[in-house]
Trainee: 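Encoded as structure tokens, here's the structure I'll be asking about.
Computed from a predicted model, the values in this text were never measured in an experiment.
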Amino acid sequence: MWDWDFAWSIVPQLLEALKVTVTSTFVAFFIAAIAGLLLAIGRRSACKPLSLVTGGIVEFVRSTPLLVQLYFIFYVLPVFGVSLSPFTAGVIGLGLHYSSYLSEVYRSGIDSVPRGQWEAAVALNFSKMQTWGRIIVPQAIPPVIPVLGNYLIVMFKETPILSAITLMEILQTAKMIGSTSFRYLEGFTIVGLMFLLLSYPSSLLVRRLEYRLNRKLSNLSGEANPIGSRKEVGY
């Protein structure tokens, strides 16, 4: 049966573990956001070898389980002399895994940039760096921000998998409390409530952001859903 005294006694320990979960989520998302953008730009490169290599990386990462990638980074890399802490291995593995998905999100944003913008960059004699940095990326990212927010929430709920490489995040802490006290009900219930209390409001914020962004872009373009009007421009 539920024991309130025991439940309150483990809350501080679970809150400390929650900090690890939240920190690993944001660090992994930062890695995924940067790596995903680089992969998306690489796939659009006119350099065929670079495009093929980045495309191969994306497909390989998306086609292999996250758990296998985490095991490889944490348990196999030390064989080659690269030893990482559970936190470092976890955020790198989670970040690289989701970078492959975010690259597709960025790709859809890049495809939504009108062809005339590319042509204007050529007419102005912009370099590739200037074209991407001053014209394409600033227009491609805002429409996909809500999707990026959804992936951030998904990554937050995915972090318990990092317990497989011994990272003491919130689920691993609840398991440890249960194994030492033989009481699992309170720990796992509190963990579930913590995930709910963070994930649900975040989902509402992302929906609100998506609504406001779509409304703003629709007013600018005169279209109901600007993301839905993406076109392949082949650059």
Trainee: Among the clusters formed by ILVMFWY side chains lying less than 4.5 Å apart, do Leu39 and Val147 turn up in the same one?
Mentor: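 Different clusters: Leu39 never reaches Val147 through Ile, Leu, Val, Met, Phe, Trp or Tyr contacts under 4.5 Å.
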Trainee: Can you list every pair that meets salt bridge (charged side-chain N to carboxylate O under 4.0 Å, His left out) and has a residue in residues 13-28, with sequence neighbours left out?
Mentor: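 Only Glu16-Lys19 qualify under salt bridge (charged side-chain N to carboxylate O under 4.0 Å, His left out).
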Trainee: Give a yes or no on whether the backbone of Glu59 and the side-chain of Ser63 come within a donor-acceptor separation of less than 3.5 Å.
Mentor: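 Judged by distance alone, yes, a pair lies under 3.5 Å.
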Trainee: The test is side chain to side chain donor-acceptor pair (under 3.5 Å); show your working for Ser199 and Ser202 and say whether it passes.
Mentor: CA-CA 5 Å; Ser199 297; Ser202 300; over 6 Å; no
Trainee: Does Arg134 reach the main-chain N or O of Phe126 with its side chain, forming a donor-acceptor pair under 3.5 Å?
Mentor: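 No, because the side chain of Arg134 does not come within donor-acceptor range (under 3.5 Å) of the backbone of Phe126.
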Trainee: Residues in side chain to side chain contact (heavy atoms under 4.5 Å, CB included) with Ala17, at least two apart?
Mentor: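 If we apply the side chain to side chain contact (heavy atoms under 4.5 Å, CB included) test to Ala17, skipping adjacent residues, the hits are Ile170, Thr173.
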Trainee: Are Leu67 and Met155 in one and the same hydrophobic cluster, where Ile, Leu, Val, Met, Phe, Trp and Tyr link if side-chain heavy atoms are under 4.5 Å apart?
Mentor: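 Leu67 clusters together with Met155.
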Trainee: Using a 4.5 Å cut-off between side-chain heavy atoms of Ile, Leu, Val, Met, Phe, Trp and Tyr, which other residues end up in the same hydrophobic cluster as Val206?
Mentor: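 Result for Val206 is Ile153.
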Trainee: With ring pair (Phe, Tyr, Trp, His ring centres under 6.0 Å) as the rule and sequence neighbours excluded, what pairs involving residues 24-62 come up?
Mentor: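 Every candidate ring pair (Phe, Tyr, Trp, His ring centres under 6.0 Å) pair involving residues 24-62 fails, so no pair, neighbours aside, qualifies.
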Trainee: What is the ring orientation for Tyr151 with Tyr98, classed by angle as parallel under 30°, tilted 30 to 60°, or perpendicular over 60°?
Mentor: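 Judged by the thresholds at 30° and 60°, the geometry between Tyr151 and Tyr98 is perpendicular.
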Trainee: Without hydrogens or angle criteria, can the side chains of Thr64 and Gln69 be said to hold a donor-acceptor pair below 3.5 Å?
Mentor: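 A pair is found: one side chain offers a donor N or O, the other an acceptor, under 3.5 Å apart.
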Trainee: Could you name each residue pair satisfying salt bridge (charged side-chain N to carboxylate O under 4.0 Å, His left out) that touches residues 79-106, not counting sequence neighbours?
Mentor: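 Those involving residues 79-106 are Arg43-Glu104, Glu104-Arg107.
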Trainee: Are any side-chain N or O atoms of Glu186 and backbone N or O atoms of Asp3, one a donor and one an acceptor, separated by less than 3.5 Å?
Mentor: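 Yes, Glu186 side chain to Asp3 backbone: donor-acceptor pair under 3.5 Å.
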Trainee: Could you identify which residues cluster with Met168, counting Ile, Leu, Val, Met, Phe, Trp and Tyr as linked when any side-chain heavy atoms lie under 4.5 Å apart, either directly or through a chain of such contacts?
Mentor: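 Joined to Met168, directly or through intermediates: Met176.
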Trainee: Would Leu15 end up clustered with Leu196 when hydrophobic side chains under 4.5 Å apart are linked, directly or stepwise?
Mentor: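 As far as the 4.5 Å side-chain criterion goes, Leu196 and Leu15 are not connected within one cluster.
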Trainee: Find out if a path of hydrophobic residues (ILVMFWY) with successive side-chain heavy-atom gaps under 4.5 Å connects Leu14 to Phe182.
Mentor: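 No, it is not one cluster - the side chains of Leu14 and Phe182 are not joined through contacts under 4.5 Å.
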Trainee: With a 3.5 Å distance limit and no angle check, can you tell me whether Gln139 reaches the backbone of Ile135 through a side-chain donor-acceptor pair?
Mentor: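 Yes; at least one donor-acceptor contact below 3.5 Å.
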